[in-house]
Every structure is written in C-alpha cells, then in structure tokens.
J.: 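Submitted below is the structure of interest, expressed as structure tokens.
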Amino acid sequence: MKMRRAVWLVAAAVIVAGAGVAQAQPAPPAQPPPGAPAPAPTVPAPAPTVPAPAPAVPAPAPAAEPCTRVLDVHAVDARHHAPLADVAVLVDGAYAGATEAGGHLLAPGLCAGVVTVNADRPDYLPVEVTVELRGDRSLEIELTPRPVEVVVLEDEAPPPPDMRATTTLAGAALERTRGKGLADAVAEVPGVTQLGSGSAMAKPVVRGQFGRRLLLLVDGIRHRAQEWGLDHAPEIDPFVADAITVVRGAAGVQYGPDAIGGAVVIAPPALPTRPGYVGDVHLVGISNGRGGAIAGRLQAAFERVTGLAGQVAGSYRRLAAPRTPDYPLDNTGTDEWNLGAAVGYRRGQAEYRLAYTHYQARLGVCACLHVESSADFFAQLERAQPLGVELYRADFDIERPYQGVGHDLALARGRWTRDHLGTITATYAFQHDLREEFDVVRQATTGPQFKFRLTSHDLDVALAHDPIHLSDHLHLRGTVGVVGMAQIHSYTGLPLVPDHVAGGGGVYAIERLIGPTIDVEAGLRYDVLARTASIVRQDYLRLVRSGQLAMDACAGGVGDPVDCRSRFHTVSASLGARRAFGAAAVKLDLSTASRPPNPDEQYLNGTAPTFPVLGLGKPDLGPETTYSATATVEYQGARVAAQASAYVNRIDDYVEFAPAIGADGRPIFDVLIRGTFPRFVTQPVDALFWGADGGVTVRALPWLELAATAAAVRAKDRRDGSFLAFIPPDRVRAAATVTGARLGPLRDVSATVDGTATARQRRYDLLSDLAPPPDGYFLLGAELQGTLRIDDQPLTFALAGQNLTNARYRDYTSLLRYFADQPGWQVLLRVTGRFDAAAQP
C-alpha cells in the first residue's frame, strides 16, 4: 500500500512539472500531506490527464527556438541624412552598443517577436522605435538635433566620400608644411609633384596634369590668375588653409572643365560659434635661403550679438637666395605677404559670410636662366655649374629679372536652409590679379617690361536638396546649380599675349544614390565660353609665318588689331560607384570632360624674363576632351590605413606645349634683341595617360608608425607612340615615426625619418625636349617634434631637415634643370602656438 502511494505521488509530481513547463494548463491540486491517505477514486483521476498535456509539449517550440535574429540599426541625422556615430542603442532595455563612423550597429542574438529599440546621443533628442522581428531586419533611425544645439551647428553635414582618389592634409600633416609654398606643401601626396623654373616659383602637378588642367579652389572659389606660364606660381598663401585636399582624377562635373586633371581644394577654418577668442601663431626659421616666415590668425565670436563671428589673418615670408651643394642660385630670393579678414553671421536657418584677402609677392628669377646664344645653351647642358657662377650670391637682394605679383579676392556668400527643400548657397566673387615682370634693361628704365591685369567676376548658385528617402536604407541626395563668369584681361609691354574679354556660364546636376554599403553617383554639366582677343597685326603675322595660324583665321586677317573670336560648348559627365566591405571600400569612377583652350594656348607670342623660351600659341585650337577611368581601393583599420589607385586617361586634342623641331631634327632657336631662346609651340595631339599611385600607413607598434607612398605615370602621343614631355618620373617615399609620451618638459614627442627616391625619366623623346632627363636621386629628411603646455595652452616645437645628405640633383619637371641644380640641404625650425579663450560648451 505504501509502495503504491509512492508511485502515485511520483506520477503526480511529473504531471505537475510537465504542466509547469508547458504553461498551457492550470496547476493541478496540491499534493496531500505525507501522512494523509490518498482517496482511491482520485488516484486514477489524473491518469487520463497525462496524455492531455502531451500534445501541448511541442506548442512552446517557437519560444524555445535559438534566438538568432540580427537587427541592423542605421542612425542618421533627420535633416541631412548624414550617418551618426556614437549613438547608444538599447534593445528591449539592454545596451547593444554604439554606432560606428558609418552610423551602423549590428545587434545579434535577438529572439523573434516585437522588440523596442532606443537610440540616444547627447546632442540629439532620444528616439524610441518598436519593430517586429520575423527574421533578420534593418532599421533606419532618424535623430533630430536638440534645440539648444541648433545655433552652433557647423555648415552642413559632411559630404559622402568622394568617388575619386583624394588625400587631405590637415592637423599635424598640414603643420609640417608650414613655411613652404603651395606646390611644396602638397608634393608628398601620392601622384603629386611640382613644375617650376626657380626655387620660389612652382605649381602642383597631379598625375602629369598641371596649371590649366588642375583647378585650384580657395574657400569654394576657383582661383583666377595668370596660371598659364610654366614659371607662374599660384598666388596662394598656404597659411590660409585649415585643410588642403588633393583630388586626383577628372572632376569636371563637380568643379568645371578646368578640373579635367584634378583639383587642389584649400579650405580656410570655419568661423567659431562659441563666444570668446581663439587663434594661432606660426614662426618658421629656414637655414638654406636664410630667412623665415611668421603667420597668425585671430578668431572671435561675440556674446552680445548671437551668431556674429569674425577673423583676421596674415603672414609674411622673407627668404634669401638658396644654395645648391656647390653654388648659390643668384637672385632667387622671396618677399611675400598675405592679409585677410572675414565676418560671418548666423540667424536661424540662414548664414552669411563676407571675406577679403590680399596676396603680394616679389620673386627673384635666377640669373642662370639667361644665355646669349644657342651654342651657349648647349654648352650649358654639359657644364656642372652655370656660366658666371663665380659672381653668384646667396643674399636677400632681388634685382632684375624678377616678378611682382598682387592678387585680391573678395567674396560674399549666403546660405539658406528651407524645410522640405534643402540648402541654397549663392556666392559672388571678385578677383583682381596684377602681375608685373621686370627684365634686365638699361639703367634708365624703371618700369616693368610685361604687365598683366586680370579682372574676374564669378557667380555660383547651388541647391543641395534634402535627402529623398526611397527605403529604410536607400536614399537620394544631390546638388543642382548654375554658374556664370565674366573676365577682362589687359596687357601692356613687349609682345607676348593680347588683350581679351571672356564670358560664360554653365549648369550642372549631381545625384548620389546612397545605400548601406553601395553608393552610386552620376553627374552632368554643360558649359559655354565666348572669348574675343585683340592681336596686334605684327604679332598676328608672326603666327601666320610660323605656321601656327591661317591668314584668314580671324576676321579675315584684316584690321589692326585683328579680332579673334572663339566660342566653345563643352559637356562633362561622370558615373561612379563605391562599395564598402567593413573597413575596406572599392571605388570606380568613369568620367568625360571637355576643356576649352586657355588664352595663352591660343595667343602666346613671345618670351618673358621668367620664361626662358619663345612661345607660340595656336588661335584656332579646339577643346580637348578626356575619357578617364579610375579604380581605387581603400582600407581604414585600427592599425592600417591604405589607398591605391590605377587609372587610364585618353585625351583627344591634348594641348601640348613642347620644343619646335626643325627639318634637321634639332630644336629651333630664335635670336632676339634680348637674347637667344628655344622655340616652344602649342599643338594638339591625341594623348594617352595611365598609371598608378597610392600609400599605406601601418601602426606597427603603439610607439612606431611606418608609411610609404608610390606613384608612376605614363603618357604617350597615340598617333606615333612617342612620349610626351615634362611627365613626372616614378617616385617612392618611405617614412618611420617614433612617438613617446614625454621628453623632459615636452609632451607628445615624435621623431620621423623619411626618404624619397625619384627615378630617372627613361620614357622620353628628344624630339619633344631640349636635353635628356637628369639622373635619378634620393633625398633624406628627418623631423623631431614636441609640445610644451603653458597655462594649459599648447606650444609646439619642430626641427626638420631636408636633403640632409646635400645631394646634387635636378628635377625633370623643372625648367631650372637646363641651367642649374636644385637647392642643397636645409634645416627648418617651427614654433606653433595656439590659444583658446572661448566659452566651453
């Protein structure tokens, strides 16, 4: 009897446990006390209920199924639809993590059913969303900025990554370039070199393209100046920049036809929004080319007038003529200053900005560039030193020949944000460029022999429309705009270029389809340009005699001056795609663009003291058209950052400026009163450019960083396979940086050693050049840097050396190579102080 009661008690316990697991049946009656007898009729009563729960046991299977659902959360700004990083995400009250730089967070291990998602960031209003999970799901959450932050928002959300290969110099990377010219500042970017004719006169070269094919953009304004000469350095002070971005590849849709080879975008610092004062001061001392530079910037936001801010900035640079390893480069000193101011005002969803900058420079021209005859020129090529080098000096004197350059830029910009529409930006810019060149003349002559004055007006109106949401993770953003330009060029002096007037305009549209991992961008632009040049009849006849122009090409060839009218219609288009793979991304850009010839390419007719050739233009040139393809791979990891690009660029009617070759296969020289000059002519050729460039930075150890860059570019005339002139040779650069916490009173100490190897250009054609390319060379550099804090304000010291082995070398892309070596070893001392007296947020 006791055994039977025990059996029934165990059975009842099993039934109770099964019912509890199933949660489908009410709990059975409580067990009787151990001492109480179980009534006989009730003992079998639960027996029929044993099979009843059996069918209910499989019922809870969905709840018991492993929780493997994944929720992909994408946090974006509600107005700009820009991705938001560092957004805290909670799922059903449990912290799932924070979004990364792209605004994404993956929350794995979720169960099927309804979940509540909360997203929060201090500067945004919190958001709560309820979603049902039946499988893996993506969820886009739009966050609205807190009202108290509206008045301090910077311009607009950062744009999505560029479809082309880009490199930005900012922060410490930009600081290392202080005291250098613009071309020098960007020369370490992969694929960038410089073209020049003297130590202080150089311009950037990007993938073999320069000057007229490389747009310089300052504060959103295209730089309008006398950029055509090989010796004409940009009238831009790098001290104005808070960041310099080099765009490698055709960007004609975004920036216009003059960006057929790329762009250098110079961005000044944004005006402050916190009441108070901030600023910086830079001091640079230079050993070779004795002298230095000083620059400063002061910014302020005013507490009494909310939204009002201003800035004043200026710089001065004075350098003596530098020395090569064996002799000075006589008369190549620099005297340069820059001064500017800006004021901005924000109110609600409107912003206004006024700015003005003046640049002034006096740049000496090396005495070595002048020769008396063609025999002297070829004899010079065989010499290790220039003729008359025993008279050269490394002093501050700037004598004839020299350039005097002044450039003014004034702009007015308004930006208005309209709900349900987007942001409208209107910019008007006025530029005045005055260039005077002084040649060696009789002592009684005091004025310039060449005087160029260029006045330009630019108007740009653009609408960046609000994102158009196509789905949770797919939206469209883009910009449409119109541009207009009017220009007057006046020239007085010896025969060189004519007066001209020009006017034009354009319309463009760029749209980008943005997805979680794939972006697709397409753009289209149309431009029209009309230009009229007035050529003195004597110069016109010289172009006819040289074969550069038909007699009846302009106005029938009658009149004095002869009016040459040109009208160009150009179209640019681009199609790009970007695919992200976690920390890596692959980009493909297909572009076509047409560029009208510049006035010098059409009408150049003479020589200048800083331009030791006789140049002849071709007035009947048509536009050159490029078809390019670029593939870029990027990786941005915690310890490794890398970028590599390969490109091909076909240019129809490429405007080449190269030596004229006579019937005997030798260069043609023209004998003028002022000396003997090799003749260079402008002619259209069908060119093909291709190459690769890139770089990698590796944080090998917490205290060691390794970096390397490389670039190679090739260019041929497709008609006969000959090589084009002035194409940069292959270049490789490597650097190692060691960082430490402290060294005495200095903090954030770092030491860098770098080396640059430039190969000899072996792909050349003597029929397109005056002399074989110079030998390759290796340059060694080093830098030691540290920061001292005074009253919690940083004061940074840096000691840097260039060409520390004092190597003798000549650059293939410099006209100076025909006459002299490049400067020798140099030491720079930089001191940078920053102060911040603005109210803390």
Side-chain angles (χ1 to χ4, degrees), residues 163-164 206-217 221-225 227-228 247 249-263 454 456-462 479-487 489 500-511 521-533 553 564-576 589-603 617-630 649-657 682-689:
M163 290 298 179
R164 286 154 287 274
V206 177
R207 292 179 174 175
Q209 310 291 342
F210 63 91
R212 50 188 73 92
R213 300 179 187 88
L214 182 64
L215 174 67
L216 302 178
L217 206 69
I221 304 299
R222 58 194 351 94
H223 184 66
R224 306 277 190 186
E227 63 182 4
W228 50 269
V247 180
V253 174
Q254 185 173 1
Y255 299 119
D258 40 357
I260 194 172
L454 181 67
S456 304
H457 304 265
D458 285 274
L459 180 65
D460 188 338
V461 180
T479 302
V480 295
V482 297
V483 298
M485 181 274 292
Q487 201 169 64
H489 178 263
H500 72 261
V501 295
V507 295
Y508 64 93
I510 303 174
E511 290 293 336
E521 182 181 88
L524 184 65
R525 182 179 181 121
Y526 166 76
D527 290 272
V528 60
L529 173 67
R531 180 187 297 137
T532 300
C564 276
R565 295 182 175 85
S566 304
R567 185 181 296 271
F568 305 97
H569 300 267
T570 57
V571 176
S572 303
S574 65
L575 178 64
D589 176 66
L590 306 175
S591 299
T592 181
S594 293
R595 181 189 70 87
N598 269 33
D600 67 292
E601 294 171 314
Q602 291 184 283
Y603 309 120
K618 190 170 179 56
D620 55 354
L621 283 173
E624 61 181 21
T625 302
T626 180
Y627 305 91
S628 66
T630 304
N649 189 6
R650 166 179 165 165
I651 305 180
D652 294 341
D653 295 323
Y654 174 81
V655 181
E656 182 187 38
F657 188 66
T682 303
Q683 57 185 352
V685 302
D686 292 332
L688 182 67
F689 288 74

J.: Side-chain contact, heavy-atom cut-off 4.5 Å: T479 with Q254?
T.: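 They are not in side-chain contact.
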J.: Salt-bridge test for D258 and R222: reply yes if a basic N is under 4.0 Å from a carboxylate O, no otherwise.
T.: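 Salt bridge present between D258 and R222.
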J.: So Q209 and N649, do their side chains get closer than 4.5 Å, heavy atoms only?
T.: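 Yes; the side chains approach each other to less than 4.5 Å.
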J.: Using 0.5 Å steps for rounding, measure from the CG atom of L214 to the CD1 atom of I260.
T.: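 Reported value, rounded in 0.5 Å steps: 11.5 Å.
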J.: Which heavy atom of A502 sits nearest a heavy atom of L529, and at what distance?
T.: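 That would be CB-CD1, 4.2 Å.
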J.: Pair V528, Y526 - check side chain to side chain contact (heavy atoms under 4.5 Å, CB included), show working.
T.: CA-CA 7 Å; V528 60; Y526 166 76; 3.8 Å; yes
J.: Who passes side chain to side chain donor-acceptor pair (under 3.5 Å) against R595, sequence neighbours left out?
T.: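 Once residues adjacent in sequence are excluded, the partners of R595 under the side chain to side chain donor-acceptor pair (under 3.5 Å) criterion are E601, E624.
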J.: Could you walk me through whether D686 and D653 pass the side chain to side chain contact (heavy atoms under 4.5 Å, CB included) check?
T.: CA-CA 5 Å; D686 292 332; D653 295 323; 4.1 Å; yes
J.: Would you compute the distance between atom CG of L216 and atom CD1 of I221 and round it to the nearest 0.5 angstrom?
T.: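 Taking CG in L216 and CD1 in I221, the distance rounds to 13.5 Å.
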J.: Among residues at least two apart in sequence or on other chains, which ones pass ring-ring contact (aromatic ring centres under 6.0 Å, His included) with H569?
T.: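 Testing H569 for ring-ring contact (aromatic ring centres under 6.0 Å, His included), a comparison that skips the adjacent residues, returns none.
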J.: Compare every heavy atom of T682 with every heavy atom of V655, then report the nearest pair and how far apart it is.
T.: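 The pair with the smallest heavy-atom distance is CG1-CG2, 3.4 Å.
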J.: When rounded to the nearest 0.5 angstrom, what distance separates CD in Q602 from CG in L621?
T.: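 These two atoms lie 6.5 Å from each other.
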J.: Heavy-atom distance under 4.5 Å between the side chains of Y627 and D652, does that happen here?
T.: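 Answer yes - side chains close enough.
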J.: Taking all non-hydrogen atoms of both residues into account, name the closest pair between D527 and G506 and its distance.
T.: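 Looking at all heavy atoms of both residues, the closest pair is OD1-CA, 3.6 Å.
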J.: Looking only at heavy atoms, what is the nearest atom pair of P684 and K618, with distance?
T.: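 Closest pair (atom of P684, atom of K618, distance): CD-CD, 4.0 Å.
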J.: Find out whether D458 and V483 are in side-chain contact, i.e. whether some heavy atom of one side chain is under 4.5 Å from a heavy atom of the other.
T.: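 Not touching, per the 4.5 Å side-chain cut-off.
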J.: Do R525 and P257 have side chains that approach each other closer than 4.5 Å (heavy atoms only, starting at C-beta)?
T.: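 A side-chain contact under 4.5 Å exists here.
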J.: Output, in order, the C-alpha distance, side-chain angles, deciding distance and verdict of side chain to side chain contact (heavy atoms under 4.5 Å, CB included) for T626 and R213.
T.: CA-CA 11 Å; T626 180; R213 300 179 187 88; over 6 Å; no
J.: With a 4.5 Å cut-off on side-chain heavy atoms, are V253 and S591 touching?
T.: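 No. Closest side-chain heavy atoms not under 4.5 Å.
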J.: From L524 CG over to Y508 OH, what is the distance, rounded to the nearest 0.5 angstrom?
T.: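 Rounded to the nearest 0.5 Å, the CG-OH separation comes out at 13.0 Å.
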J.: What distance do D589 atom CG and R164 atom CZ have between them, rounded to the nearest 0.5 Å?
T.: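 Going from CG on D589 over to CZ on R164, the span is 5.0 Å.
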J.: Identify the heavy atoms of P599 and H500 that sit nearest to each other, and give their distance.
T.: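 The pair with the smallest heavy-atom distance is CG-CE1, 3.4 Å.
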J.: Indicate the atoms forming the closest heavy-atom contact of Y603 with C564, along with that distance.
T.: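 Shortest heavy-atom separation between Y603 and C564 comes out as OH-O, 3.7 Å.
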J.: Would you find a donor on one side and an acceptor on the other, under 3.5 Å apart, between the side chain of T592 and the backbone of S572?
T.: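 Answer holds: no.
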J.: Rounded to the nearest 0.5 Å, what separates atom CZ in R207 from atom CZ in F689?
T.: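 With rounding to 0.5 Å, CZ (R207) is 12.5 Å from CZ (F689).
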